[in-house]
Amino acid sequence: MFKTIGVLAHVDAGKTTFSEQLLFHTKSIMAVGRVDHQAAFLDYHTLERARGITIFAEHGRFQIEGDTYTLIDTPGHVDFSAEMERAIRAMDYAVLIVSAVEGIQGHTETVWQLLRTHHVPTYLFINKVDREGADVLRVMQELKQQFSPHIVLYEEAAEFVAERDEELLAQFMEDSLSEETVFASLRQLIKEEEIFLAMSGAALKGHGIQTFLDVLHNTTITDYDVALPFQAEVMKIRHGGEQRLTFCKALQGELTVRTDVAFGETREKVTEIRLYNGNSYQAIQRVTAGEIFAVKGLSVPQIGDYIGTTFDKGKPYTLVPTMQAKVVYNGTEHIKEVLRLFRLVEAEEPTLKVQWQEAFQTIYVHMMGVIQLEVLKELLYSRFQLSVQFEDPEILYEETICTTVTGYGHFEPLKHYAEVHLQLEPNERGVGITFFNACHVDDLTIGHQRLIEQHVLERAHRGLLTGSAVTDIHVTLLTGAAHNKHTDGGDFREATYRALRQGLEQAENVLLEPYYAFKLKAASEHIGRMMTDIQQASGTFDAPIITETDAILTGQVPVATFMNYPTTFLAYTNGKGVISLTFAGYDVCHNTAEVMERIGYNKDADPEYTSSSIFCSKGKGYSVPWQEVKAHMHKATL
């Protein structure tokens, strides 16, 4: 049986040390490495050892009584939480490490919510019980109150199980409830997220590790089907020199070396399969459902894609960057070569979303935080000897519309022809760009209709207010026109882009900014300061929860006004407050006019975007401004 176990925590809770102990106790490694000694088995990258933090989600392998476990050690720092979320999607079970001293910390809550979002059955290990100030019962009370009342110490699990079954309750009362019966019940309850077992110990000293392993082995079960056609999800991509490694989690079926994998009309052959344990690997001929493995020979699939007998783009991730930064390069390499190297890194970290501005020959990257930028700078230098700097990060804005319009685009220079009519409607917040085809085949062939859909969805289209990407718009293809002789491949791209832009010119445009969902917990004496700070940051909050000792405040607040607040909060609470900031999506910008003035985007002077159309008369093309385009359309307009 193959099982994938992920270990997660707020930074410095002891996550990597705990992972090392699991590998050591199962004889997968011969000695326990330490993060502070730069000797951790799973933190083997130079950047990780230099900084003393986990940056990349790496995995080890161990066995218990014939079952094979893949252990994923994930980053604990919020700047690398996207890497953590990608690892979560591959987990069968998760272990959340919580310090017995600090208890729930800011990132602990983010991790817990992500695990619930992705429905990963979760264990908890309360670590550092040997430290001064450790209090397991206090931490358990926090966990029950803030996370789930179904978090139960393993010592109390038999009673919890018995309370949910009359027959088991009778056995419990008679002291005849067997351990195997308890394990059988727990397996089901854990799998269905109806109980979250908690255990405690001191990972640095190895205390509590063997007990945890025994409970884990007896209460976990997987049921992957090897008989089904092969399918796997791409977890991560790594490059070593010019060699590309594609790491996957096999979801069903099996894969052998030399197998062809299809990606639409493209086929690629798997030339090697590897099983990794830390930095070492074993080349094998076959993998089966449930295993995590790496392959050579694939260049098409991206992180999140599903590969196998079918090829599907993956579901979107929850955590997305809220800032961007401009790349500053003063070296001798051509800027397009610099861009190529950034694209390689982007394949490994897709949240970077590298943006190239041709007109200004500049590169922008999206980012989760400043630590991520520092690491990116070090990584580029260590791998490619490329020295870059970054300008100060800026908030990543988006734009949308709040009215329904029809946009018209026509592209007809000499010997070219395409016309597109698109209806643009506001979508629900957070849905993004969606497409519906209402065009009849008498107007456009299926091939041309698909081209238009592709061009609508293939890129981020700039809005009119700040040049930021437009989102939350439902696009309907109404009709269009082509020419049997003169329509060329790129004509519908031009007409589609112009139709979108012409529609935006007519619509009421809205600037959006990213928001945090926040949770502040501090001594009750600070509640006044907390509420005042939220109001001054243009945020909103729910009714506060106040006890004799503590106050909890939740709500939403713009990222722009709150990204540096954790430092302030921890200062006035003397380091005892707990702050959790989770990306809550985009909503209406609180200071649109100020942002537009600062960015200074001129919608009429963007060389990559235009809302005018090109028509042809007497063998010569001429431009028609967007206000007059509708009257020039060749197809009937609404």
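Position 1 is the first residue of the sequence; numbering continues from there. Remember, it's a predicted structure, so these values are computed and weren't measured experimentally.
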Check P393 against L373 and note the closest heavy-atom contact, atom names and distance. CG-CD1, 4.1 Å
Do the side chains of R493 and E458 get close enough for a salt bridge, i.e. N-O under 4.0 angstrom? yes
How about F583 and V320: do any of their side-chain heavy atoms sit closer than 4.5 Å? yes
Once you round to the nearest 0.5 Å, how far does CG of L422 lie from CZ of F436? 13.5 Å
So, taking the atom named CZ in R429 and the one named OG1 in T471, what distance separates them when rounded to the nearest 0.5 Å? 9.0 Å
Hey, mind stepping through T554 and I545 against side-chain contact (heavy atoms from CB on, under 4.5 Å) and telling me if it holds? CA-CA 9 Å; T554 58; I545 301 172; over 6 Å; no
Rounded to the nearest 0.5 Å, what's the gap from CE on M235 to CG on D305? Could you check? 14.0 Å
Give the intermediate values and the outcome of side-chain hydrogen bond (donor to acceptor under 3.5 Å, both in side chains) for residues T246 and R244. CA-CA 6 Å; T246 305; R244 184 190 202 251; 3.0 Å; yes
Give a yes or no on whether a salt bridge exists between R86 and E349, defined as a side-chain N under 4.0 angstrom from a carboxylate O. yes
Could you go step by step and tell me if M531 and F541 meet the side-chain contact (heavy atoms from CB on, under 4.5 Å) rule? CA-CA 8 Å; M531 291 191 293; F541 52 80; 3.7 Å; yes
Can you confirm whether T322 sits close enough to M563 that some side-chain heavy atom of one is under 4.5 Å from a side-chain heavy atom of the other? no
Close side-chain approach of I307 and C248, heavy atoms under 4.5 Å: yes
I'd like to know if K326 pairs up with E394 as an ion pair, taking the criterion as any Lys NZ or Arg NE/NH1/NH2 lying under 4.0 Å from an Asp or Glu carboxylate oxygen. no
With a 4.5 Å cut-off on side-chain heavy atoms, are Y408 and S613 touching? no
Of the non-hydrogen atoms in L245 and A294, which two are nearest, and what is the gap between them? CD2-CB, 4.4 Å
Heavy-atom closest pair (E109 atom, S580 atom, distance to 0.1 Å) is CB-OG, 3.6 Å
If you count every heavy atom of other residues, nucleotides or ligands that lies below 6.0 Å from R450 atom CZ, does the total exceed 12? no
For residues A87 and T74, report the shortest heavy-atom separation together with the two atoms involved. CB-CG2, 3.9 Å
Quick one: are the ring centres of Y417 and H410 less than 6.0 Å apart? yes
Hey, is the main chain of L478 close enough, under 3.5 Å, to the side chain of T476 for a donor-acceptor pair? no
With sequence neighbours excluded, give me every salt bridge (Lys or Arg N to Asp or Glu O under 4.0 Å) pair touching residues 359-368. none
Any residue meeting side-chain contact (heavy atoms from CB on, under 4.5 Å) with Q355, in chain and number order, not counting sequence neighbours: K353, Y364, H366
Check: N437/Q449 side-chain N/O donor and acceptor closer than 3.5 Å: yes
H440 side-chain N/O to D442 backbone N/O, donor-acceptor pair under 3.5 Å: yes
Is it true that D92 and K191 make a salt bridge, defined as a side-chain N closer than 4.0 Å to a carboxylate O? no
Thinking salt bridges, do R343 and E348 make one under a 4.0 Å N-O criterion? no
Do I72 and I292 have side chains that approach each other closer than 4.5 Å (heavy atoms only, starting at C-beta)? yes
Are I473 and E425 side-chain neighbours, meaning at least one heavy-atom pair lies under 4.5 Å? no
Out of H416, H455, H448, which one pairs with F492 under the ring-ring contact (aromatic ring centres under 6.0 Å, His included) rule? H448
Taking all atoms of both residues into account, what is the closest heavy-atom pair of H239 and A347, and its distance? CE1-CB, 4.0 Å
How far apart are the C-alpha atoms of V510 and I401, what are their side-chain angles, what is the distance that settles it, and do they pass the side-chain contact (heavy atoms from CB on, under 4.5 Å) test? CA-CA 6 Å; V510 179; I401 60 175; over 6 Å; no
Pairs touching residues 627-638 that satisfy salt bridge (Lys or Arg N to Asp or Glu O under 4.0 Å), sequence neighbours left out: D443-K635
Testing the 3.5 Å rule here: is there a donor-acceptor pair between the side chains of T434 and H474? yes
Within the 3.5 Å criterion, strictly below it, is a donor on S148 or R116 matched to an acceptor on the partner's side chain? no
Would you say D472's side chain and G430's backbone share a donor-acceptor pair under 3.5 angstrom? yes
Check: E399 side chain, G467 main-chain N or O, donor-acceptor pair, under 3.5 Å: yes
Any chance you could measure Q556, atom CD, to T582, atom OG1, to the nearest 0.5 Å? 10.5 Å
Knowing that exactly one of Q627, Q502, E505, Q506 qualifies, which makes a side-chain hydrogen bond (donor to acceptor under 3.5 Å, both in side chains) with S611? E505
Quick one, Y306 and V234 - any side-chain contact, counting heavy atoms below 4.5 Å? no
Contact check, side chains of K519 and I552, non-hydrogen atoms, under 4.5 Å: yes
For the pair V470 and T400, evaluate side-chain contact (heavy atoms from CB on, under 4.5 Å) and give the outcome as yes or no after the intermediate values. CA-CA 5 Å; V470 294; T400 190; over 6 Å; no
Where does the angle between the aromatic ring planes of F247 and H59 fall among parallel (under 30°), tilted (30 to 60°) and perpendicular (over 60°)? perpendicular
First locate atom CD of E508, then atom OG1 of T404, and finally report the distance between them rounded to the nearest 0.5 Å. 11.5 Å
Derivation of the salt bridge (charged side-chain N to carboxylate O under 4.0 Å, His left out) call for K236 and E58: CA-CA 10 Å; K236 65 180 178 180; E58 300 297 352; 2.7 Å; yes
How would you list, by chain and number, every residue that makes a side-chain contact (heavy atoms from CB on, under 4.5 Å) with R462, sequence neighbours excluded? Q357, R501, Y601, D606, E608, Y609
Could you tell me which residues satisfy side-chain contact (heavy atoms from CB on, under 4.5 Å) with S81, sequence neighbours excluded, listed by chain and number? V78, M84, H107, L319, M368
H150 ring center within less than 6.0 Å of F196 ring center: no
Distance-only, no hydrogens or angles: does the D491 side chain make a donor-acceptor pair with backbone N or O of A418 under 3.5 Å? no
Output the distance between atom CD1 (I237) and atom CG (L344), rounded to the nearest 0.5 Å. 10.5 Å
Decide if atom CD of E428 counts as having more than 12 heavy atoms of other residues, nucleotides or ligands within a radius under 6.0 Å. no
Is R89 paired with E85 through a side-chain N to carboxylate O contact shorter than 4.0 Å? no
Ring geometry between F562 and Y565 (parallel below 30°, tilted from 30 to 60°, perpendicular above 60°): parallel
The side-chain contact (heavy atoms from CB on, under 4.5 Å) partners of V300 (sequence neighbours excluded) come to F263, T266, E268
Do other residues, nucleotides or ligands put more than 12 heavy atoms under 6.0 Å from E192 CD? yes
Compare every heavy atom of T540 with every heavy atom of I534, then report the nearest pair and how far apart it is. CG2-N, 3.9 Å
